[in-house]
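All values below come from the heavy atoms of this structure, side chains included, with hydrogens, waters and symmetry mates left out. Quantities reported herein were computed from a predicted structural model and do not represent experimental measurements.
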Amino acid sequence: MMEIGHSWREVHAQVDKVGRNDPCPCGSGLKYKKCCLGKNQAAPSRSEDEHTAVGTAVAWLKTCYPEEVEETILLDYFGDPDEEEFDSLHDLSDGLKGMLEINVGEWLLTDAFLEIEGKRVRAIDLVLGMGGPLLPARGKEWLHALGENPLSLYEVRQATPGEGLELKDLLRREAPVVKVLERTASRSLVRWDTFGARLAREDDRWVLTGALYPMDRERALECCEEILREMGGEEDWGEEISRDLVGCIISEYWLEQLTEKRPLPKVVDASTGEPIALTTDRYRVSDWDALIGILSAQPDVEGDLLEGWVRFEPLENEARRSRAALTKKSADALEVFCRTLKLADEARRWLEEIAGTVVRFKGREIVDPMSPKAREATRKSPQPKIPPELKVQVEREFLRRHYERWPDEPLPALGGKTPKAAVRTKKGRQAVIELLKEFELHEARKALGGGGEPFDFGFLWKRLGLENER
């Protein structure tokens with residue numbers, strides 16, 4: 001049986017050093033001593049009482065009802081896992097195991113039922129009833145607060161690092177955005193992130209209770225659709241069965257993500273749609289002067305013997321893309337490099353057609369871009385030293401040019417429609433909004449990991465008439 005660990009939520013609120021007679025940081029206009037000083041001094045002891053109550057309650061349940069607790073966790077929370085699934089749980093990293101233990105512990109105190117002497121009894125009723133563990137008053141209040149609101153799915157609308165989050169409930173679609181005090185998670189979450197969680201009232205503010213079910217956005221939206229479908233499109237949370245259903249589905253989706261063995265990403269070439277396979281064809285050259293003359297006469301080829309040649313493919317707006325790179329490797333050897341097998345086959349037919357007997361094919365080498373050999377070659381290849389500010393400028397300009405054309409390009413994700421055409425229908429409009437959210441989420445995550453500011457997609461929202469839905 002797993003041990004229930006500490007909450008990931010910051011236990012002690014960190015308060016800037018403010019003098020007693022200074023203006024209160026909350027903006028009330030009062031002096032700090034007349035406003036929030038008392039609350040901030042009480043916060044550590046209150047949080048400690050809450051943490052102690054959760055740990056004490058879980059330990060008491062496991063001591064008094066060990067078999068019942070183990071059975072309900074295995075059957076009701078994990079869904080009676082088979083040996084392979086159970087092994088996957090034990091293979092998790094320490095960090096994920098800690099998160100799992102927190103989530104299980106909170107579920108035990110909010111939604112779990114134990115079979116005791118033929119009766120189904122809520123675990124929290126045993127804790128708070130006669131004969132339960134000795135708990136401080138504030139601890140009991142917190143245990144009551146844990147179960148007041150069900151588990152739900154949330155989308156981050158705004159994250160202020162070190163302060164809090166603005167969250168939109170994806171299941172209660174008419175509910176307003178909620179401001180949540182959260183100092184720790186607000187440093188690692190970004191706009192449009194999605195996760196399952198519970199909210200609780202603490203004095204006059206909302207807080208996250210501790211359990212967290214982070215999901216990638218696509219999975220979270222699938223989870224949301226299944227919940228609403230199972231509930232018949234209703235958002236009635238009044239019945240206990242609805243709360244149990246929602247919690248079970250969220251836990252199930254999260255556990256699947258936690259334990260699934262994901263295949264390596266499939267790297268696809270944008271020009272052909274083919275999987276990238278780094279392909280090098282080798283040729284024996286009988287007459288370099290003849291080959292130089294032949295390549296120089298090709299309108300889509302640039303280069304020379306010293307630097308090598310590149311065959312280009314013309315694109316829209318005077319842009320172009322490389323199709324093949326030709327390099328002299330020795331006195332009689334030529335190598336032709338292509339990104340995919342399709343491009344390599346085309347390059348071989350093209351070269352043998354224009355060069356005839358001047359070249360003779362010798363062999364082919366194919367390298368998977370995800371293989372250790374490809375990664376090692378990447379590490380060994382010299383990287384040009386580009387000033388960081390120039391690199392950012394170039395990347396921003398590339399993104400700007402790319403997304404300037406995006407509203408007018410047919411997209412498979414939109415059934416072949418352009419974003420401009422798709423927004424004319426309700427379904428298409430939502431699909432375009434989701435694509436824009438994915439773009440912004442990716443940029444925000446990249447900026448969080450590497451510093452700097454994310455690319456601003458605001459012009460796309462405005463151009464497509466979606467600025468009020470951002």
**Study point:** Steps toward salt bridge (charged side-chain N to carboxylate O under 4.0 Å, His left out) verdict (K462, E467)
**Key:** CA-CA 5 Å; K462 187 174 183 179; E467 63 266 36; over 6 Å; no
Can you find a pair of side-chain heavy atoms, one from [X] and one from [Y], that are under 4.5 Å apart?
X: L74; Y: D80; value: no
X: I249; Y: E230; value: yes
X: I116; Y: Y65; value: yes
X: V156; Y: V190; value: no
X: R470; Y: R191; value: yes
X: E222; Y: Y253; value: yes
X: L436; Y: W406; value: yes
X: E106; Y: L146; value: yes

Revision key, fill the gap. By salt bridge (charged side-chain N to carboxylate O under 4.0 Å, His left out), E438 pairs with (sequence neighbours left out) none
Does either side chain, that of [X] or that of [Y], offer a donor lying less than 3.5 Å from an acceptor on the other one?
X: E440; Y: W192; result: yes
X: D408; Y: T418; result: no
X: E182; Y: W206; result: no

[atom2] on [Y] to [atom1] on [X], rounded to 0.5 Å:
X: L341; Y: E346; atom1: CG; atom2: CD; value: 11.5 Å
X: F78; Y: E85; atom1: CZ; atom2: CD; value: 10.5 Å
X: R122; Y: L128; atom1: CZ; atom2: CG; value: 9.0 Å
X: E218; Y: C223; atom1: CD; atom2: SG; value: 13.0 Å
X: L181; Y: D204; atom1: CG; atom2: CG; value: 10.0 Å
X: T160; Y: R187; atom1: OG1; atom2: CZ; value: 11.5 Å

Practice item. Could you check V246 against L171 for side-chain contact (heavy atoms from CB on, under 4.5 Å), going step by step and ending with a plain yes or no? Key: CA-CA 9 Å; V246 171; L171 297 177; 3.8 Å; yes
Got a salt bridge between [X] and [Y], using NZ or NE/NH1/NH2 to carboxylate O under 4.0 Å?
X: E155; Y: R157; value: yes
X: R138; Y: E141; value: no
X: E274; Y: R339; value: no
X: R217; Y: D193; value: no
X: R198; Y: D111; value: yes
X: R364; Y: D345; value: yes

Please name the pair of heavy atoms, one in [X] and one in [Y], separated by the smallest distance, quoted to 0.1 Å.
X: A200; Y: T209; value: CB-CG2, 3.6 Å
X: D169; Y: R172; value: OD2-NH1, 2.6 Å
X: A220; Y: L153; value: O-CD1, 3.7 Å
X: P419; Y: L411; value: CG-CD1, 3.7 Å
X: P214; Y: F195; value: CA-CB, 3.7 Å
X: R445; Y: L189; value: NH2-CA, 4.0 Å

Check your understanding: Should R219 and W254 be marked as a side-chain contact (heavy atoms from CB on, under 4.5 Å) after you check the CA-CA gap, both sets of side-chain angles, and the distance that decides it?
Key -> CA-CA 9 Å; R219 188 183 300 267; W254 178 69; over 6 Å; no
Practice item. Please assess F457 against F455 for the test ring-ring contact (aromatic ring centres under 6.0 Å, His included), listing each intermediate value before the final yes or no. Key: CA-CA 6 Å; F457 290 92; F455 182 77; 4.9 Å; yes
Review point. According to the interplanar angle, ranging from 0 to 90°, do the rings of Y213 and Y77 count as parallel (below 30°), tilted (30 to 60°) or perpendicular (above 60°)?
Key: tilted
Is the side chain of [X] donor-acceptor paired with the backbone N or O of [Y] at a distance under 3.5 Å, no angle test?
X: K179; Y: G164; result: no
X: T72; Y: E68; result: no
X: T63; Y: L61; result: no
X: T56; Y: A53; result: no
X: T340; Y: I276; result: no
X: N149; Y: L199; result: yes
X: K417; Y: G428; result: no

Check your understanding: Hey, mind stepping through F439 and Y403 against ring-ring contact (aromatic ring centres under 6.0 Å, His included) and telling me if it holds?
Key -> CA-CA 11 Å; F439 294 161; Y403 286 110; 5.1 Å; yes
Exercise for review: Using the side-chain contact (heavy atoms from CB on, under 4.5 Å) rule, take E404 and R463 through it: C-alpha gap first, then chi angles, then the decisive distance, then the call.
Suggested key: CA-CA 10 Å; E404 282 284 347; R463 184 175 299 176; 3.0 Å; yes
Check your understanding: Honestly, is R120 close enough over F113, meaning NZ or CZ under 6.0 Å from the six-membered ring centre and within 45° of the axis?
Key -> yes
